[in-house]
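Written out below as structure tokens is the structure these notes cover.
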Protein chains: 2
Amino acid sequence: MNPKDNVSIGLSAAIVSVEGERPSVLVVSHEGADDALPFGPFNPVQHRTLESGLRKWVGEQTRFDLGYTEQLYTFGDKGRHLSSSGDGSARVVSVGYLALTRQGKEAPETQWRGWYHYFPWEDWRDTRPAMIDSAILPALKKFVKDAPNAESAELRRERVNVCFGEGWDEERVLERYELLYEAGLVEEFYRDAGKPVKQALGTAMQFDHRRILATAIARLRGKLKYRPVVFELMAPTFTLLELQRAVEALAGLRLHKQNFRRLVADQGLVEGTGKWAATSRGRPAELFRFRREVLRERQAPGVRLGVRRIKNA
Amino acid sequence: MNPKDNVSIGLSAAIVSVEGERPSVLVVSHEGADDALPFGPFNPVQHRTLESGLRKWVGEQTRFDLGYTEQLYTFGDKGRHLSSSGDGSARVVSVGYLALTRQGKEAPETQWRGWYHYFPWEDWRDTRPAMIDSAILPALKKFVKDAPNAESAELRRERVNVCFGEGWDEERVLERYELLYEAGLVEEFYRDAGKPVKQALGTAMQFDHRRILATAIARLRGKLKYRPVVFELMAPTFTLLELQRAVEALAGLRLHKQNFRRLVADQGLVEGTGKWAATSRGRPAELFRFRREVLRERQAPGVRLGVRRIKNA
DNA sequence: ACATTAATACTCATTTCGAGTATATATGTG
DNA sequence: CACATATATACTCGAAATGAGTATTAATGT
């Protein structure tokens, strides 16, 4: 192939953990600049696979030993990988990864940050976020009206409806972010276009990292339901309520407690340890552990969160 | 970034269609060489996005106008992108795509080929393929026995069990292909290692294209169940049996006719046209069309094929 | 003692699913 | 034309899964 076809490949990782009710992502933050995901170039000479390249880079940058990892998507859009400083020179194709861990000893330049800082409209645990009605929908209405022609307006109307209309589908995280981007509701839109920022919902990230994070959340929310991935984020033993809170934090939804318990129990996802959690108030809860055997036994075990939100939080 | 980090990006597409009961993939075949998927390099100067690059390349090579497309995975393993001629020079990272179309006018160097030529063990419509018991399981048993140590043997045993043991999970196409690759049951294994071929199940493809195709089939089989993607492969109108045969062809499984009908009808995926198919024998079937509106209405409509195989074909 | 809090158990109606049986409408054959 | 055969379509029925509770148990704080 021709040398002019050469491109640099950037590897980025959305490293996710949950502490209590807060789903977080590990970010590299330098003062003044936006947060970034840990990332680095793929070196075809050193690295045998993309994933081994990622592990090496991330290890160096964050001192983290990635556990579960999964490739998300490869982004190559022109103009979507600019840093805040605006160097538009190199064309970079970026491969995003999702990694799940528990919090540990991080490198000093990195920190865990709640992911709803970047996506405040995605957290429906307490209530439908007010900003959807106060800021998002009015702006999107305008976006529909400003469409260049009727056909485009109809397409936009449909997208708005799917993303923010009747019936919240918690998995459409990326679709929603991309819609907000195109509608100019997000800082990155202005940065990529080299224009002054007009609207900026949520906290911005460097490059296309918020898009990668959106992809990560979407994938994780989907995967939760058919693979027992939550357990990668849990301590070795946990109470059922802790497990539920973790799932809720990730899904951004509240679940029905009794049914949640029935689900994980009936599916054989967990087993009691016979020990009890130190409790403050209320009846003490039994500590459970993940039954690794289910990975072999069942076809598609997962916390099939009865997707519907609990009537009222 | 350093120039030595530069890599070529190859774009490949698994273009899928179904004609009758035969799911096919569009391949480029030159005599003497293995089949290949349509592919070409990504040109960062010309192409704004990876997908537009793909569309351009594929358009030139196959005269096909891709409809539905979806990015699958980005492969970068060293030594898995060798051609049959064995040029090991350039390091290529390949981005695989899935595209769904109907058959039309193809370029002369391309042809539709049934995908079960490449994966004969994946077609369970008539019966559990005999080669699983006659060839695959014995060889995999040996693969387990030849493990370097007990721990590795246990891991291998589990993988064999998940892939080919009790309970067929039709989505694990890639997992199965990778297992067969590692166990040396597939031509590509020997080619990539530069060794003489010992065992070769199914028809080989160039580069890592069979792996990309496996990824495509797996993704499509999964997606079928929660998104109405089959309809991309159907004529504008079709009988319910034709629709069922298409789904069965893709899934490699037989389905229960009456329940299939109930499913697609109850979900509002199709609507009758009031016209009837020209019939040879039996009562004539009504022609249906896809109700595009469901894309807006329901959360996750798809042909939730009651995964279990029909008792006996 | 008792209000409060949380864990866990049990109930119940509804929906979905798997697997049929039953009936309707063609063709082809003697 | 009667009837075997093939296919489409309708309807049934029990089992399992799901959504939304109520009931009971076991702690703490006052």
Side-chain angles (χ1 to χ4, degrees), chain A residues 20-21 167-168 225-226 237-245 247-248 251 253-288 298-313, chain B residues 20-21 167-168 225-226 237-245 247-248 251 253-288 298-313:
Chain A
E21 307 220 15
W168 182 253
K225 291 167 196 153
Y226 60 93
T237 70
F238 45 81
T239 70
L240 292 184
L241 187 59
E242 284 165 359
L243 181 65
Q244 183 181 340
R245 292 289 179 243
V247 172
E248 290 174 338
L253 297 173
R254 285 284 166 220
L255 303 174
H256 184 283
K257 187 169 171 178
Q258 297 93 321
N259 290 347
F260 179 84
R261 150 181 303 273
R262 174 175 64 186
L263 217 67
V264 290
D266 285 6
Q267 289 206 119
L269 286 171
V270 297
E271 61 189 356
T273 61
K275 296 185 179 170
W276 310 87
T279 182
S280 48
R281 353 152 84 34
R283 176 173 170 179
E286 186 169 6
L287 288 169
F288 289 79
R298 308 194 92 262
Q299 289 251 121
V303 185
R304 300 206 292 284
L305 33 128
V307 160
R308 238 166 304 281
R309 244 167 74 265
I310 221 66
K311 45 193 303 183
N312 209 329
Chain B
E21 308 219 15
W168 182 253
K225 292 167 197 153
Y226 60 93
T237 70
F238 44 81
T239 70
L240 292 184
L241 187 59
E242 284 165 358
L243 181 65
Q244 182 181 341
R245 291 291 178 241
V247 172
E248 289 174 338
L253 297 173
R254 284 286 167 219
L255 303 175
H256 185 284
K257 187 169 171 177
Q258 297 92 320
N259 290 347
F260 179 84
R261 150 181 303 273
R262 174 175 65 185
L263 219 66
V264 291
D266 287 4
Q267 290 206 117
L269 287 171
V270 297
E271 62 188 354
T273 61
K275 297 185 178 170
W276 310 87
T279 184
S280 47
R281 347 152 90 31
R283 175 173 169 179
E286 186 169 6
L287 287 169
F288 289 80
R298 306 194 95 260
Q299 291 251 117
V303 184
R304 299 207 292 285
L305 34 127
V307 159
R308 236 166 304 280
R309 244 167 74 265
I310 220 65
K311 45 192 303 182
N312 210 328

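Being a predicted model, the structure only gives us computed values, none of them experimental. Residue numbering restarts at 1 for every chain, and letters A, B, ... go by the order of the sequence lines.
Separating the CG atom of Leu263(A) from the P atom of dA20(D) is a distance of 14 Å, rounded to the nearest angstrom. Look at CG on Asn259(B): it is 13 Å from C1' on dT9(D), rounded to the nearest Å. Taking atom NE2 on His256(A) and atom C1' on dC10(C), their separation rounds to 12 Å, with Å as the unit. With rounding to whole Å, Leu253(A) atom CG is found 13 Å from dG19(D) atom P. Between the CZ atom of Phe260(A) and the P atom of dA6(C) there is a distance of 17 Å, given to the nearest Å. Taking atom CG of residue Leu255(B) and atom C1' of nucleotide dC17(C), one finds them 13 Å apart after rounding to whole Å.
Taking 3.5 Å as the limit, the base of dA17(D) and the side chain of Asp266(A) contain no donor-acceptor pair of atoms between them.
In this structure, Gln258(B) and Arg262(A) both approach DNA chain C, and ranking their closest nucleotides by distance from the 5' end singles out Arg262(A).
Take Glu286(A) and apply the side chain to side chain donor-acceptor pair (under 3.5 Å) test, not counting sequence neighbours, and it matches no residue. With sequence neighbours left out, Gln258(B) forms a side-chain contact (heavy atoms from CB on, under 4.5 Å) with His256(B). Listed by chain and number, the residues in a side-chain contact (heavy atoms from CB on, under 4.5 Å) with Ala265(B) amount to none (sequence neighbours excluded). Looking at residues two or more places apart in sequence or on another chain, you find a side-chain contact (heavy atoms from CB on, under 4.5 Å) between Gln244(A) and Leu241(A), Glu248(A), Leu255(A), Lys257(A), Phe260(A). Scored by the side-chain contact (heavy atoms from CB on, under 4.5 Å) test, Arg283(A) finds no partners at all (sequence neighbours excluded).
Interatomic distance, CZ of Phe288(A) versus OG1 of Thr273(A), reported as 8.0 Å (0.5 Å rounding).
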Can you give one letter per nucleotide of nucleotides 1-8 of chain D, 5' to 3': B if a protein heavy atom sits under 4.0 Å from the base, S if only from the sugar-phosphate, - if neither? -----BBB
